[in-house]
Colleague: 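Have a look at this one before I ask anything.
Here is how names work: the chains are called A, B, and so on, in the same order as the sequence lines, proteins then strands, and each is numbered from 1.
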Amino acid sequence: MDDLFPETRERLVLAPGAVLLGGFAKAEAPALLRAVESVAEQAPFRQYRTGGGRLMAAAMTSCGSYGWISDGHGYRYVRTDPLTGRLWPVMPAVFSILAERAARVAGYAGFVPQCGLINRYEAGAGMGLHQDRDERNMKAPVVSVSLGLSAIFQWGGARRQDARRNVPLHHGDVVVWGGSSRRNFHGILPVRSAPAVEGLGCRYNLTFRVVD
DNA sequence: AAGTATCT
DNA sequence: GTTG
């Protein structure tokens, strides 16, 4: 429960292989948001169900050569959007360039994301503690970009019962995790409603992954 | 009690 | 093995 203050957030190592880059994407934020809109026009936000059949609180869409979905076959990556029947929108260059830069700064050179998953959290929405393990490729890191409303990121360990650290994520923050922390548990506490940030009344989280 | 699937 |  150690909250971190802005002045300590420049570059914070969360675990071996995991780092928070405070404000890393702030300059590109307006362009990233325009790209989010463009993706959403081609592949609308929708809510999937959890393994237990409950509606997930966050609305999602994807871009790139793979998109993440949840359906009767489980959580998986597919090449076409089940909602439109078309390929996922091309990943905007501003996404892939930022993701590559962030990964490189975090120690993962040569990161070429195959999936850009966009999660939209309205006030009250969160995501329970989980591992990212639907990717066949576990060598590449996960790159996560926060935009809009702030949220508390729960950063855990390799086991569900491991201690968690509450890390506030703000507009423009980037978290990269890979190596021995690639499968660490993590989640997002319900987003608290707050005044819009740079005109945004919700939180977007962009996560970039190599799938295979 | 609940819509998964699965890995070295 | 997990979630509410």
Side-chain angles (χ1 to χ4, degrees), chain A residues 1 14-18 43-88 103 107-108 110-144 146 149 151-167 169 175-193 202-212:
Chain A
M1 286 292 240
L14 298 172
F45 280 101
R46 78 294 304 267
Q47 282 171 287
Y48 294 117
R49 277 173 203 286
T50 66
R54 293 174 178 75
L55 212 54
M56 295 178 62
M60 307 180 177
T61 186
S62 293
C63 61
S65 45
Y66 282 103
W68 184 88
I69 68 164
S70 166
D71 65 10
H73 296 311
Y75 299 154
R76 60 207 184 97
Y77 287 93
V78 293
R79 292 189 176 274
T80 58
D81 180 352
L83 200 60
T84 66
R86 289 180 278 120
L87 292 174
W88 295 100
Y108 302 96
F111 182 68
V112 181
Q114 293 178 305
C115 173
L117 173 62
I118 307 175
N119 286 185
R120 186 186 63 201
Y121 298 82
E122 302 290 353
M127 187 170 293
L129 202 66
H130 68 281
Q131 295 174 294
D132 285 17
R133 52 176 187 183
D134 303 320
E135 304 79 24
R136 285 182 288 274
N137 184 314
M138 285 290 153
K139 309 280 187 194
V142 175
V143 175
S144 163
S146 294
L149 298 189
I152 303 290
F153 181 56
Q154 295 200 299
W155 174 252
R159 299 164 308 179
R160 173 171 292 277
Q161 65 270 27
D162 287 343
R164 278 159 264 166
R165 181 167 179 174
N166 285 349
V167 183
L169 294 183
V175 181
V176 181
W177 67 95
S180 60
S181 65
R182 176 62 177 73
R183 285 166 168 279
N184 278 26
F185 280 86
H186 57 280
I188 289 287
L189 293 183
V191 171
R192 292 169 45 178
S193 82
C202 65
R203 170 175 192 263
Y204 287 118
N205 181 63
L206 319 179
T207 48
F208 300 99
R209 300 179 179 81
V210 174
V211 173
D212 55 20

Colleague: Is A/R49 salt-bridged to A/D71, going by a charged N under 4.0 Å from an acidic O?
Modeller: no
Colleague: Nearest-Å distance, OH (A/Y75) to C1' (B/dC7)?
Modeller: 17 Å
Colleague: Could you tell me whether A/R183 and A/D132 have a side-chain N and a carboxylate O separated by less than 4.0 Å?
Modeller: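 No salt bridge links A/R183 with A/D132.
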Colleague: Could you identify the nucleotide paired to C/dG4, looking across every strand shown and requiring Watson-Crick or G-U wobble geometry with both distances under 3.5 Å?
Modeller: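 Here C/dG4 is not engaged in any pair, so there is no nucleotide opposite it.
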Colleague: With the threshold set at 4.0 Å, does a side-chain nitrogen-carboxylate oxygen contact exist between A/E122 and A/R120?
Modeller: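 The answer is yes: the pair qualifies as a salt bridge.
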Colleague: To the nearest Å, give me how far apart CD (A/E135) and P (B/dC7) are.
Modeller: 14 Å
Colleague: For A/M56 and C/dT2, what is the distance between atoms CE and C1' respectively, to the nearest whole Å?
Modeller: 14 Å
Colleague: Between B/dT4 atom P and A/Q131 atom CD, what is the distance in whole Å?
Modeller: 18 Å
Colleague: Reckon A/G51 touches a base, only the sugar-phosphate, or nothing at all at heavy-atom distances under 4.0 Å?
Modeller: base
Colleague: In whole angstroms, how far is the P atom of B/dA5 from the CD1 atom of A/I69?
Modeller: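 Rounding to the nearest Å, CD1 of A/I69 and P of B/dA5 are 12 Å apart.
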Colleague: Measure from CG on A/D162 to C1' on C/dT2 and round the result to the nearest Å.
Modeller: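 Taking CG of A/D162 and C1' of C/dT2, I get 16 Å after rounding.
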Colleague: Check the distance between C/dG4's P and A/L189's CG and give it to me in whole angstrom.
Modeller: 12 Å
Colleague: Rounded to the Å, how far apart are A/H73 NE2 and B/dA5 C1'?
Modeller: 11 Å
Colleague: For A/W68 and A/D134, does a side-chain donor sit closer than 3.5 Å to a side-chain acceptor?
Modeller: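 There is such a pair between these side chains.
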